[in-house]
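Heavy-atom basis, side chains included; hydrogens, waters and symmetry copies ignored. Counting starts at 1 for both ligands and their atoms, following the listed order.
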Amino acid sequence: MSEKIDILILMGSDSDWDVMSEAAQLLDDFDALYEARVSSAHRTPERTLKLVRDAEQRGCKVIIAGAGAAAHLAGVVAGHTLLPVIGIPLNATALQGMDALLATVQMPAGIPVASMAIGKAGAANAAIFALQILASGNPKIGVRLADYRRKMTAKVESKDQRLQERRFKKG
Ligand code: RP5
């Protein structure tokens with residue numbers, strides 16, 4: 001595969017896809033150029049490095065990495081590239097993602113990972129954050145992000161309106 005991509009999504013296992021697909025879905029909604037691949041920091045370290053190098057050569061600008069057990073993927077990737085890396089801690093062990101959160105967020109100084117929340121909210125925010133990074137060089141993405149946010153605002157306002165109507169009916 002050698003087409004241009006803006007974003008590489010990496011996940012440690014296919015068992016991560018249920019959560020990581022939230023990021024992919026959002027990137028699809030924005031017609032983003034991305035690729036989603038399975039590769040583990042522990043099980044396939046060389047393959048992970050190769051995917052990162054290939055992505056760099058294909059013009060990739062941001063890497064999103066999600067992992068659950070001994071969640072080193074985002075940090076290892078960050079150590080191998082100067083591209084910004086966004087980490088998603090996943091709930092894959094008896095510790096319900098707290099272990100992955102700490103492994104993802106507690107990077108030593110010098111190798112940053114932008115850690116999101118555990119799980120689906122983190123995956124969605126990783127996609128939005130990646131788009132925000134791309135928007136600095138692509139105003140069209142910025143316009144679409146502003147529209148996305150306007151729609152979110154409208155949704156909250158209509159939820160509030162429905163709540164007020166329900167309360168009014170009861171009263
Ligand atoms: C991590 O181990 C993966 O990111 C996944 O969250 C977890 C479990 O992987 P599987 O045993 O389901 O392949 O590396």
Atom pairs and distances, ligand 1 N/O vs protein N/O under 3.5 Å:
{"unit_1": "ligand 1", "atom_1": "4 (O)", "unit_2": "Asp16", "atom_2": "OD2", "d": "2.7"}
{"unit_1": "ligand 1", "atom_1": "4 (O)", "unit_2": "Gly68", "atom_2": "N", "d": "3.2"}
{"unit_1": "ligand 1", "atom_1": "6 (O)", "unit_2": "Asp16", "atom_2": "OD1", "d": "2.6"}
{"unit_1": "ligand 1", "atom_1": "6 (O)", "unit_2": "Gly68", "atom_2": "N", "d": "3.0"}
{"unit_1": "ligand 1", "atom_1": "11 (O)", "unit_2": "Arg43", "atom_2": "NH2", "d": "3.1"}
{"unit_1": "ligand 1", "atom_1": "12 (O)", "unit_2": "Ser15", "atom_2": "OG", "d": "2.6"}
{"unit_1": "ligand 1", "atom_1": "13 (O)", "unit_2": "Ser13", "atom_2": "OG", "d": "2.6"}
{"unit_1": "ligand 1", "atom_1": "13 (O)", "unit_2": "Arg43", "atom_2": "NH1", "d": "2.8"}

Does any pair with a residue in residues 75-111 pass ring pair (Phe, Tyr, Trp, His ring centres under 6.0 Å), and if so which ones, sequence neighbours excluded?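 Checked against ring pair (Phe, Tyr, Trp, His ring centres under 6.0 Å) - neighbours excluded - no pair reaches residues 75-111.
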Partners of Tyr34 by ring-ring contact (aromatic ring centres under 6.0 Å, His included), sequence neighbours excluded?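 Residues passing ring-ring contact (aromatic ring centres under 6.0 Å, His included) with Tyr34: none at all.
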Tell me which one of Asn91, Ile118, Thr93 satisfies side chain to side chain contact (heavy atoms under 4.5 Å, CB included) with Met98.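 One option only clears the test, and that one is Ile118.
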Applying side chain to side chain contact (heavy atoms under 4.5 Å, CB included) between Ile7 and each of Ile63, Leu33, Leu134, report the one that passes.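 The side chain to side chain contact (heavy atoms under 4.5 Å, CB included) with Ile7 is passed solely by Leu134 among Ile63, Leu33, Leu134.
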Please give the remaining members of the hydrophobic cluster of Val156, linking ILVMFWY side chains under 4.5 Å, ordered by chain and number.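 Same cluster as Val156: nobody, lone residue.
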Carboxylate-amine/guanidinium contact Arg144 Asp31, below 4.0 Å: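 Looking at Asp31 together with Arg144, the answer is yes, because their closest N to O distance falls below 4.0 Å.
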